[in-house]
Every structure is written in structure tokens, then in C-alpha cells.
A.B. asks: 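My questions will all concern the structure given below.
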Protein chains: 2
Amino acid sequence: MENLNVIDVFKALSNETRLNILKWLREPEKNFPAQQAHLPKEVSIEGGVCVGDIQEKVNLSQSTVSHYLSLMQKAGLLEAVRYGQWTYYRRNEETLAKVAKFINEEI
Amino acid sequence: MENLNVIDVFKALSNETRLNILKWLREPEKNFPAQQAHLPKEVSIEGGVCVGDIQEKVNLSQSTVSHYLSLMQKAGLLEAVRYGQWTYYRRNEETLAKVAKFINEEI
DNA sequence: TTGACATATCGAATAGTATCGATATAAGAT
DNA sequence: ATCTTATATCGATACTATTCGATATGTCAA
């Protein structure tokens, strides 16, 4: 939906930890064992992992991780879904596809 | 040849001017009219444009442009060929292809 | 060998990013 | 209403990037 700002995307990708988060979110079940433990069985946020689970895996402060995630969301790389007190972040494949296309065709 | 450092690549791509330079170098003849004016006819640096011609097009100081170009070269996005007092820069398609692959397969 | 030109490097000023701990907000449980 | 837990935001400090003008280096020509 949102328009692609490649500069912001590349800035977001210029960081090892953020790159890792994106990679890990390819296979959330594998990389975040406790994934969606807080969600009742009838609710499922496809591919989404909450901030706390991500924070546990990267070794940085809560505020830094929260900041990273919202940065990636603003760049369009992630999307956020709130459920109760938790925010679930998942990959935004649409943007990723656009970025790949941009590199192939524009750059 | 050189190994791909994606962080450095994404940093280099996080800038409008540098992105433009890369784009322009897709079609050097079209974007740099004076292209290779200094080279004798028997020498040709395929796709290469000298620093001065690039500087004329982006509106930044000589030192900034030289710095940008060497940054992009270190990241592997460009390669440099020196001829006499001129340095010709051209795209390094091998790296660009690797970056596209990385986005598709790793990220 | 001196002068002119192309490019690279240096040093400095300013702006932007990374990262933290502390605090605010919001939801859920008692 | 109060307490707890999850996340977001704030303010500070350290580090990195941007950009410049000045200077150094390298090459060619007279």
C-alpha cells in the first residue's frame, strides 16, 4: 500500500541486527520457540513474533529493539499487529519483493 | 573476486546521489555526453566515466564526489580503472547481481 | 623542471544514528 | 483502584556520516 522509500529501506538494512531479525522472521517457528505463546489458539498472527521474544534473541536493550522494529516498520519492511498488550511484528513480503525488483531493474 | 559485505553495500546505497550515480552508469553514453573524451580512440574503458564528468552532473564538491566514488568502490559496487591522470569508474555488475541474490534468498 | 590539470586525502564543522536507562502509556489480572 | 507486564517514547551521550575547502599526489606538456 505505502509507497516505497528505498533510502529508508537501505538505511534499515544497514545494520547486522536488523538484518538478522528480518532473516529470522522467515522461519518464526524455528527461530522463536516461544512464538505466539500468549495468543489463544483461535487467534493467529501469521508469521508474527512479539517484541519480547525478539529482544530475548538479539542482545540489546528493550528500548533499542522496540526502536529498531518501528524503524523497520516505517521503512515498510515489517508490519505490526497489536493483540492485547503485545505487538506482533512480521515480514512485509510486498516491500521485500519491491526492493528486489528495484535492485534488478532500477539500480 | 572480493567478498560481499552487505552492510557496506547497503550503507553505500543509502544515499540519493550515490544511487543516482549507479543508475546513470547503466547508460553512460546517454547520461554523460562528454564520456571518454580524453581517451585515444584505440583505448576504451567499457562503461567507464571519469570523476570530473560525474562531478559535473551531481552538484557537489570534487572532494565529496571522489569520496563517494571510492566508498562505492570499497563496497564493491563500482570498479576503478586509471588511465593517465583520469580515473574511470564503472559499475561492478558481479556485485550488483550478488546483492539482488542476497535480497531474494537470504533476507 | 616547472606549470597545469585530475584525482585523492586531510582536517574540521555539522548533522544524523546507535544505544542506553528512565519514564510514559496501555492492557490485563486481582 | 491498584499492580504487573509489554511496548513505546524521551533525553542524553557516544559514535558515524556528510560535506566542505585546503592541500597532497600523480601525470602530462612545454
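A note on names: the letters A, B, ... follow the listed sequences, proteins ahead of strands, and every chain is numbered from 1.
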A.B. asks: To the nearest 0.5 Å, what is the distance between CG (B:Asp53) and CD (B:Gln55)?
C.D. replies: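 If we round to the nearest 0.5 Å, B:Asp53:CG and B:Gln55:CD are 10.0 Å apart.
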A.B. asks: Assess whether one donor atom and one acceptor atom, taken from the side chain of B:Ser63 and the base of D:dG21, lie less than 3.5 Å apart.
C.D. replies: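 Donor-acceptor pair under 3.5 Å: yes.
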A.B. asks: Residues two or more places apart in sequence or in another chain: which of them pass ring pair (Phe, Tyr, Trp, His ring centres under 6.0 Å) with A:His38?
C.D. replies: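 A:His38 satisfies ring pair (Phe, Tyr, Trp, His ring centres under 6.0 Å) with A:Trp86 only.
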A.B. asks: Is there a donor-acceptor pair closer than 3.5 Å between any side-chain N or O of B:Arg26 and the backbone N or O of A:Ile107?
C.D. replies: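 Answer holds: yes.
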A.B. asks: Which is more 5' along DNA chain C, the nucleotide nearest A:Gly84 or the one nearest A:His67? Just name the residue.
C.D. replies: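 Final value for this comparison: A:His67.
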A.B. asks: How many Å lie between CD on B:Glu56 and P on C:dT7, as a whole number?
C.D. replies: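 Answer to the nearest Å: 11 Å.
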A.B. asks: Judged by atom type as modelled, is there a donor-acceptor pair below 3.5 Å linking the side chain of A:Arg90 to the main-chain atoms of A:Glu46?
C.D. replies: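 Yes; at least one donor-acceptor contact below 3.5 Å.
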A.B. asks: Provide, to the nearest angstrom, the distance between the CD1 atom belonging to A:Ile7 and the P atom belonging to D:dA17.
C.D. replies: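 Answer to the nearest Å: 15 Å.
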A.B. asks: Want to settle it: does A:Ser70 or B:Leu60 sit nearer the 5' end of DNA chain D, counting the closest nucleotide to each?
C.D. replies: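 Here A:Ser70 is the residue nearer the 5' end.
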A.B. asks: Side chains of A:Val6 and B:Leu13, heavy atoms from C-beta outward: is any pair under 4.5 Å?
C.D. replies: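 A side-chain contact under 4.5 Å is absent here.
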A.B. asks: Taking atom P of D:dT18 as reference, at what distance in whole Å does atom CG of B:Asn59 sit?
C.D. replies: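 Roughly 18 Å, once rounded to whole Å.
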A.B. asks: Can you measure B:Tyr83 atom OH to C:dT7 atom P for me and round it to whole angstrom units?
C.D. replies: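 Those two atoms, OH and P, are 14 Å apart.
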A.B. asks: Just how far, in rounded Å, is P of C:dT7 from CG of B:Leu71?
C.D. replies: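 In whole Å, C:dT7 P lies 18 Å from B:Leu71 CG.
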A.B. asks: Using a cut-off of 4.0 Å on non-hydrogen atoms, how would the nucleic acid contact of A:Leu69 be classed: base, sugar-phosphate, or nothing?
C.D. replies: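 The answer is nothing, as A:Leu69 stays clear of every strand by at least 4.0 Å.
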A.B. asks: Working to the nearest 0.5 angstrom, can you tell me the gap between B:Tyr89 OH and B:Ser70 OG?
C.D. replies: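 Taking OH in B:Tyr89 and OG in B:Ser70, the distance rounds to 6.0 Å.
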A.B. asks: Starting at CD of B:Glu94, measure out to CG of B:Leu4 and round the result to the nearest 0.5 Å.
C.D. replies: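 So the gap between those two atoms works out to 10.0 Å.
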A.B. asks: Checking side-chain contact (heavy atoms from CB on, under 4.5 Å) between A:Phe32 and each of A:Glu27, A:Lys57, A:Glu56, which is the one that passes?
C.D. replies: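 It is A:Lys57, the one option of A:Glu27, A:Lys57, A:Glu56 that forms the side-chain contact (heavy atoms from CB on, under 4.5 Å) with A:Phe32.
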A.B. asks: Here's a test for you: under side-chain contact (heavy atoms from CB on, under 4.5 Å), which of A:Leu71, A:Asn92, A:Leu69 qualifies with A:Leu78?
C.D. replies: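 In the set A:Leu71, A:Asn92, A:Leu69, the residue that makes a side-chain contact (heavy atoms from CB on, under 4.5 Å) with A:Leu78 is A:Leu69.
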A.B. asks: Nucleotides 4-7 of chain D: which of its N/O atoms have a protein N/O under 3.5 Å away?
C.D. replies:
unit_1 : atom_1 : unit_2  : atom_2 : d
D:dT5  : O2     : A:Gln85 : NE2    : 2.8
D:dT7  : OP1    : A:Val51 : N      : 3.3
D:dT7  : OP1    : A:Thr87 : N      : 3.4
D:dT7  : OP2    : A:Gly52 : N      : 2.7
D:dT7  : O3'    : A:Thr87 : OG1    : 3.1

A.B. asks: Under a 4.0 Å heavy-atom cut-off, which of residues 9-26 of chain B touch DNA chain D?
C.D. replies: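 Nucleic-acid contacts, sorted: B:Lys11, B:Asn15, B:Arg18.
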